[in-house]
Amino acid sequence: MKIATWNVNSIKARLPNVLAWAKAAAPDVLLLQEIKTVDDGFPRLEFEDLGYNVATYGQKTYNGVAILSKRPLDDVQRGLGEKGEDVEARYIEAFTAGLRVASVYVPNGQEVGSAKFAYKLDFLARLMRHAKALLETEEAVVIGGDYNVAPEDIDAYDPDGWRNQVLCHPDERAGYRRLLNLGYVDAWRARHPGVQRWSWWDYRAGAWAKDHGLRIDHLLVSPQAADRLGSVEIDRKPRGEDKASDHTPVWCEIADANQA
DNA sequence: ATGGTCGCGCTGCGA
């Protein structure tokens, strides 16, 4: 089965792009971030027509996450289940197709040292605690999303220029690395050691044209899912199309449990 | 170039 993650930067503005990609790439599970709409505004019927079940955790104007799956979505959970998470819609998980999957939109953090940066670090800590609890179920787990962290220097086009900036600061890299220390695997990096590839290019300053990007969108897979990991790719093509999101999809294949 | 460009929703904020 194929699982993809994509920060679409408004599902309404991006609907033709997302429908076209979902049709062509045909992921079994599509994890979306920054849908930027309340649940009632999500174009549910258009995705149901493509054969997806839809679960959303929306919010007016900002944030918002969703899970689309060709299999039924069970045990849907919205938020990280700790105090303080109800304000911003940044996490949704469900059990589908024999896996637990989650779509996460980690706060951007705006500027190192700001209140928003502190909120980002706190969110990463809450995510870590929740991810740890998920591991204890010994289910196959895939937590995909926009982590807003370039894990290592190799994940930035100009690591020295980005050093100590938001998205690359050591404190947020440490927060992200704690997820790996629990036993989660960065699926794309596991399949492509030493390779540079971006998942996000700023709209500004001609970043796409100059290929100035960062790899900040990740699929973290539990050991049980890592044992079944197949191909993992970043699909650059949607970033170059008309009315593109500033992020592009990342996908992985997870073999059926009985084939592992 | 301390800039640049999007989306939301109608003014400036967030990314």
Side-chain angles (χ1 to χ4, degrees), chain A residues 5-21 31-44 46 56-66 84-92 103-124 127 144-151 155-169 171-173 175-176 198-218 234 236-250:
Chain A
T5 182
W6 194 3
N7 178 325
V8 294
N9 185 22
S10 169
I11 190 59
K12 291 179 189 172
R14 215 65 59 214
L15 187 58
N17 306 52
V18 180
L19 286 174
W21 190 81
L31 308 168
L32 301 177
Q33 300 87 39
E34 274 205 278
I35 60 174
K36 288 188 171 178
T37 176
V38 295
D39 293 337
D40 284 346
F42 192 92
R44 170 180 293 270
E46 286 84 343
T56 59
Y57 184 29
Q59 177 184 335
K60 182 178 156 69
T61 310
Y62 302 117
N63 310 315
V65 285
E85 170 54 25
D86 292 331
V87 185
E88 299 186 353
R90 294 182 176 276
Y91 182 89
I92 185 171
S103 177
V104 63
Y105 177 43
V106 174
N108 169 282
Q110 196 163 60
E111 191 178 346
V112 173
S114 67
K116 286 187 166 65
F117 190 71
Y119 180 72
K120 177 182 197 173
L121 297 181
D122 183 61
F123 184 93
L124 283 167
L127 178 62
D146 177 2
Y147 284 77
N148 267 317
V149 177
D155 298 308
Y157 76 89
D158 175 16
D160 290 326
W162 277 99
R163 197 167 310 287
N164 295 324
Q165 302 294 311
V166 73
L167 308 182
C168 294
H169 190 274
D171 291 350
E172 51 193 308
R173 284 179 168 174
Y176 172 85
W198 322 131
S199 68
W200 169 81
W201 298 255
D202 201 317
Y203 283 125
R204 298 168 291 186
W208 168 249
K210 293 185 275 192
D211 198 24
H212 288 179
L214 298 178
R215 190 175 71 93
I216 57 175
D217 300 87
H218 311 298
I234 300 175
R236 290 170 55 97
K237 218 167 105 193
R239 182 62 180 86
E241 290 170 357
D242 286 344
K243 297 280 290 175
S245 170
D246 46 351
H247 297 252
T248 213
V250 184

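Side chains are part of it too, since the values below use all heavy atoms of this structure and drop only hydrogens, waters and symmetry mates. Order of the sequence lines sets the chain letters (A, B, ...), proteins ahead of strands, with each chain counted from 1.
- A:Asn108 and A:Lys120 share no side-chain donor-acceptor pair at under 3.5 Å.
- Annotation for A:Asp160: atom CG counts as buried by contact number, over 12 foreign heavy atoms lying within 6.0 Å.
- When all heavy atoms of A:Ile216 and A:Ser199 are compared, the pair lying nearest together is N-OG, 3.1 Å.
- Nucleic acid contact class of A:Lys243 (heavy atoms, under 4.0 Å, all strands): sugar-phosphate only.
- For the pair A:Thr5 and A:His218, the tightest heavy-atom approach, listed with the atom from each and the gap, is CG2-O, 4.2 Å.
- Ring geometry for A:His247 versus A:Trp200: interplanar angle of 30 to 60°, hence tilted.
- Atom CD in A:Gln165 sits about 18 Å away from atom P in B:dG4, given to the nearest Å.
- When all heavy atoms are compared, the tightest approach of A:Gln110 to A:Val166 is O-CG1, 3.5 Å.
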Using atom names, set out every protein N or O paired with an N or O of nucleotides 12-15 of chain B below 3.5 Å, distance rounded to 0.1 Å.
| unit_1 | atom_1 | unit_2 | atom_2 | d |
| --- | --- | --- | --- | --- |
| B:dA15 | N6 | A:Arg204 | NH1 | 3.4 |

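- Nucleotides B:dA15 and B:dG3 place their C1' atoms 15 Å apart, quoted to the nearest Å.
- To the nearest whole angstrom, the two P atoms, one in B:dG4 and one in B:dC8, are 22 Å apart.
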